[in-house]
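Here the structure is a predicted model, which means the values were calculated and not measured. As the structure lists them, so they are numbered: ligands from 1, and atoms in each ligand from 1. Quick note: residue numbers are just sequence positions, from 1.
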Amino acid sequence: MAQFNSIEEILEKYIPKEELQKVHRGLYGFDIQDPSHYLKFDPKVKGLADQLKLEVKSFRFPALAEELRKPRIVRIGAIQNSIVEPTDAPIRAQRDSLIKKISSYIAVAAECGVNALCMQETWNMPFAFCTREKHPWTQFAESAEDGPTTQAMRQLAARYNMVIVSPILERDESHGDTVWNTAVVISNTGKVIGKTRKNHIPRVGDFNESTYYMESELGHPVFDTQFGRIAVNICYGRHHPQNWLMYGVNGAEIVFNPSATVDSLSEAFWPIEARNAAIANNYFSVAINRVGTENFAHEFTSGDGRSAHHDFGHFYGSSYVTAPNGARSPGLSRVSDGLLVVEADLNLCRQVKDQWGFRMTQRLDLYAESLAKAVKPDFQPQIIAEK
Ligand SMILES: NC(=O)NCCC(=O)O
């Protein structure tokens, strides 16, 4: 199928203006053409973005003014990107070209006033796990604490006073050189606050990631930053509501979902899962997907009868943010690099909790008890048949 830029663009092209407002309200929870939902940036931003061929989109989620709490306004940034060098270029050239490109995007994010930013899953390398080859891809794995990517991101975080969440392939030298799929959370002071790892590893399509790394043993950490309590649900973890739930239980206000997923597999789920998580758990969710098509020198098979091929399919971008009340921003492009900047008042999390009472009515005790029974070897599903 020929690629198209975005669903928003198609809707705008074919739906009459007066009907479009209704469609947008139904789909996004807002009239997304209302100019009050967009941020005004210095004209410098457009110049920089044009130069870099970077799509920059913004959105603003309003919240109520409270009498006893000051607004907690933060600007959340999401970057989606294609690779720079071909996948058979030297590893260092591939990685460093991506660090250079993303550093220039982070400079634009800084101009847009972004306070907390996240990139896509394993942003500094091609998504090579489809190949099942260890060599050369595991060479991209690096220390989460002081590898070259983390060092570069630490400098930028301090320079721009920005929390940066950097999802990478981690090499854990202290534990037998183990490889992990990790997100490093870097404070706006430039210090590494900590790291979190992918909890659920896909075994679907060409996502052969279980060949490379295991499920996280770090639980569901939430990082208390100057710009809100942040958690990271890495890619395939978004299919597991209990994963999203636990970040909420631990107090997250913003949950990033750095991803790499292709149109033939998951595009129908994409607008639903992170959005639903924001609604169910009363936090902001930030879904970020890789963009572009990546080709690999050695062909690989998918175990589905198709002949061997050299690419994974199209990573369809479409990154977006959902507010705790279910309203969502328009998405970034399906085909080009982009930066989404969303202004949010974190007070909205509590306001929606109070309005809907989802946390209060959650019945965690009921599910803790039921699940404790369900994981026992002698468990029998509670099915009642007609007698
Ligand atoms: N990277 C990753 O976990 N992808 C799995 C496919 C999907 O979740 O859509």
Exercise for review: Indicate the ring-plane relationship of F30 and F61, choosing parallel, tilted or perpendicular according to the 30° and 60° boundaries.
Suggested key: tilted
Exercise for review: Could you tell me if the ring centre of H37 sits under 6.0 Å from that of F59?
Suggested key: yes
Review point. Quick one: which of Y213, F300, F140, F207 gives a ring-ring contact (aromatic ring centres under 6.0 Å, His included) with F129?
Key: Y213
**Study point:** Cation-aromatic face contact R275/Y320, 6.0 Å, 45 degrees
**Key:** no
Practice item. Could you walk me through whether E142 and T149 pass side-chain hydrogen bond (donor to acceptor under 3.5 Å, both in side chains), step by step? Key: CA-CA 8 Å; E142 60 176 82; T149 305; 2.6 Å; yes
Exercise for review: Output the set of protein residues with a heavy-atom contact under 4.0 Å to ligand 1, ordered first by chain identifier and then by residue number.
Suggested key: E121, F127, K198, P202, F207, E209, C235, Y236, R238, H239, A260, T261, L265, S266
Practice item. Quick one: pull up CZ in R238 and CG in N257 and give me the separation to the nearest 0.5 Å. Key: 5.5 Å
